[in-house]
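One structure is given here, and the rest of the page talks about it.
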Amino acid sequence: MAYYFSEPSHTFNEYLLVPGYSSAECMPANVSLRTPIVKYKKGEESALYANIPMVSAIMQAVSDDRMAIALAQEGGISFIFGSQSIESEAAMVSRVKNYKAGFIVSDSNVKPDTTLEEVLKLKERTGHSTMAVTDDGTANGKLLGIVTSRDYRVSRMERSVKVEEFMTPFDKLITAPADTSLKIANDIIWDNKLNSLPLVDDKQHLVYMVFRKDYDSHKANSLELLDEHKRYVVGAGINTRDYAERVPALVEAGADVLCIDSSEGFSEWQSRTLEWVRTKYKDTVKVGAGNVVDREGFRFLAEAGADFIKVGIGGGSICITREQKGIGRGQATALIEVAAARDEYFEETGIYIPICSDGGIVHDYHCTLALAMGADFLMLGRYFSRFDESPTNKVNINGSYMKEYWGEGSARARNWQRYDMGGDKKLSFEEGVDSYVPYAGSLKDNLGLTLSKVRSTMCNCGSLSIPEFQKKAKITLVSATSIVEGGAHDVVLKETSSTSK
Ligand code: IMP
């Protein structure tokens with residue numbers, strides 16, 4: 001006879017947190033959201049932490065290098081999508097690793113014989129008024145001078161006049177050596193009242209520009225997530241087919257953590273992949289696995305050597321797996337059971353394997369609930385797809401701006417490896433849809449608001465860290481009637497207020 005679970009499975013919407021005592025020191029500013037990403041032994045540190053418990057989904061419509069940089073600047077991690085060629089995924093990873101916050105490879109460069117007319121056109125095209133003058137007009141040519149809008153007066157000068165006649169020449173410029181640290185570069189900028197500082201090598205070739213405004217924004221990212229070489233941390237998706245080629249390329253490109261991207265993780269394909277990585281890299285390369293929704297699935301992946309385990313089947317916003325195949329489990333119930341399995345495994349073995357709640361986060365408070373229920377961190381797709389930094393088009397639909405968002409199991413992504421059960425190399429039926437989500441602006445602003453709600457709720461529950469919150473949280477199931485009570489009710493709204501999700 002089939003096994004029947006004794007309880008129905010529930011979603012986040014069906015739960016609420018009950019506040020606990022908060023002391024005077026329980027202020028949002030004192031809350032730390034630092035969280036382990038990969039497994040560790042009792043009494044030791046994890047090899048990788050994030051400063052906020054948010055990672056972006058392994059999806060074409062969500063995680064490319066631009067998203068990865070923006071999220072690492074806020075303290076989280078993106079997992080670059082794996083449903084692309086090995087070369088292009090590795091190139092995205094290496095663009096993140098080579099991005100030096102505050103050090104800009106100059107994108108507006110001219111030659112000494114460029115005319116004022118051309119300078120004005122370049123300024124209009126790029127929006128940048130500072131231009132490097134190099135011998136060959138490239139970003140790394142020999143630096144001969146700098147042109148800014150203070151060097152010319154359009155009303156008084158001929159458009160045909162050449163840059164060499166009005167630029168600030170090299171011998172009048174303040175420059176610094178290529179290996180100058182960002183802090184020292186900033187001191188030079190401040191001491192000399194500069195707007196920009198060129199860094200040059202010993203042959204006078206331009207290497208980077210440092211701008212006053214970029215340094216200010218860099219300093220504003222106090223939670224940014226950096227590796228030991230001060231490069232942004234980035235993750236990448238892999239699959240259970242081409243790992244022998246993909247993993248070495250991603251490791252070579254500098255990926256800090258990998259994750260097997262699959263709709264269903266309780267499979268021999270995953271244990272084979274984990275075994276291969278462990279044998280080849282002797283535990284130096286960290287790999288998460290999933291997704292699972294119960295204790296048995298967790299134990300299987302834990303014993304197979306996963307560094308973290310993702311939880312969730314069928315709860316994603318673009319997911320139609322439950323309709324197509326009838327498999328899945330309410331996300332909250334799945335998470336609660338897997339969190340208990342993680343704690344049980346920790347008791348038994350002294351090994352703590354972080355779990356990630358993947359998919360189904362709709363409201364900001366769902367993030368808080370998922371953490372309270374035991375998630376160490378959360379993976380979100382729809383949430384991040386709405387921002388400027390996601391790789392998809394922003395389109396105007398009936399007067400409202402939308403961003404495109406499609407599932408990895410949709411005909412558009414054709415990520416057949418994610419649904420691979422050892423069959424043909426094709427997607428035989430869809431498990432995801434192609435959709436729009438309302439455009440929401442910048443990642444920084446939205447994430448800032450979401451996390452301030454998370455911190456504030458943690459304070460209501462008397463907690464200053466995620467582990468403390470997981471111990472102290474009191475959670476209640478709510479009846480269908482009290483869900484109605486939770487929204488504005490029995491009043492006539494004057495106007496639709498903006499509901500941040
Ligand atoms: P969301 O945050 O609710 O949009 O869910 C994102 C999660 O949905 C991803 O991290 C994946 O686990 C999952 N997912 C991505 N593409 C598909 C799909 O096409 N079908 C089902 N689930 C998907």
Side-chain angles (χ1 to χ4, degrees), residues 11-13 53-63 67 71 76-84 235-239 259-266 270 288-293 297 308-332 334-335 338 355-364 366-367 369-370 375 377-387 390-392 402-420 427-438 440 443 446-447 450 501:
T11 66
F12 292 129
N13 266 347
M54 314 276 264
V55 304
S56 68
I58 315 169
M59 298 175 71
Q60 294 175 0
V62 182
S63 299
M67 175 63 73
L71 184 51
I77 303 176
S78 283
F79 283 84
I80 304 282
F81 65 94
S83 51
Q84 59 179 323
I238 60 171
N239 62 66
C259 183
I260 306 174
D261 179 29
S262 166
S263 65
E264 215 270 280
F266 195 176
Q270 296 235 341
N291 288 8
V292 296
V293 285
F308 66 85
I309 292 174
K310 276 204 296 133
V311 184
I313 296 180
S317 57
I318 31 48
C319 178
I320 51 170
T321 298
R322 292 187 194 166
E323 287 168 28
Q324 291 280 59
K325 302 206 295 200
I327 60 164
R329 199 173 190 194
Q331 184 64 12
L335 185 56
V338 174
I355 57 171
C356 168
S357 176
D358 178 15
I361 299 276
V362 179
H363 299 285
D364 289 332
H366 289 171
C367 298
L369 266 176
F377 59 103
L378 322 170
M379 179 171 272
L380 304 94
R382 188 197 62 87
Y383 179 86
F384 287 110
S385 70
R386 301 169 305 148
F387 304 152
S390 79
T392 70
M402 301 276 171
K403 291 274 286 191
E404 296 179 308
Y405 180 43
W406 61 92
E408 286 295 295
S410 67
R412 181 161 182 187
R414 300 211 154 276
N415 182 359
W416 62 269
Q417 289 100 330
R418 190 169 192 274
Y419 302 89
D420 186 23
L427 198 67
S428 17
F429 54 90
E430 286 183 287
E431 292 197 34
V433 297
D434 190 357
S435 66
Y436 294 115
V437 286
L443 177 142
N446 284 277
L447 197 56
T450 300
K501 291 209 159 172

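Ligands are counted one by one from 1 in listed order, and the atoms in each one are counted from 1 as well. Keep in mind that what you see is a predicted model, and the values were worked out from it rather than measured.
With sequence neighbours excluded, the residues forming a salt bridge (charged side-chain N to carboxylate O under 4.0 Å, His left out) with K310 are D358, listed by chain and number. A search for side chain to side chain contact (heavy atoms under 4.5 Å, CB included) contacts involving Q84 returns I80, F81, S88, E89, M92, not counting sequence neighbours. E404 pairs by the salt bridge (charged side-chain N to carboxylate O under 4.0 Å, His left out) definition with R412, not counting sequence neighbours.
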So what's ligand 1 close to, N/O to N/O, under 3.5 Å?
unit_1   : atom_1 : unit_2 : atom_2 : d
ligand 1 : 2 (O)  : G381   : N      : 2.8
ligand 1 : 2 (O)  : R382   : N      : 3.4
ligand 1 : 3 (O)  : S317   : N      : 2.8
ligand 1 : 3 (O)  : G360   : N      : 2.9
ligand 1 : 4 (O)  : S317   : OG     : 2.7
ligand 1 : 4 (O)  : R382   : N      : 2.9
ligand 1 : 4 (O)  : Y405   : OH     : 2.6
ligand 1 : 10 (O) : D358   : OD1    : 2.5
ligand 1 : 10 (O) : D358   : OD2    : 3.3
ligand 1 : 12 (O) : D358   : OD1    : 3.3
ligand 1 : 12 (O) : D358   : OD2    : 2.5
ligand 1 : 12 (O) : R418   : NH2    : 3.0
ligand 1 : 16 (N) : E408   : N      : 2.9
ligand 1 : 19 (O) : E408   : N      : 3.1
ligand 1 : 19 (O) : G409   : N      : 2.6
ligand 1 : 19 (O) : Y419   : OH     : 3.3
ligand 1 : 20 (N) : Y419   : OH     : 3.2
ligand 1 : 20 (N) : E431   : O      : 2.6

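Ring orientation note: the planes of F308 and F377 are nearly perpendicular, at an angle over 60° on the 30°/60° scale.
Counting only heavy atoms from C-beta outward, the side chains of I58 and M379 approach each other to under 4.5 Å.
Residues F79 and A236 come closest through the heavy atom pair CD2-N, 3.6 Å.
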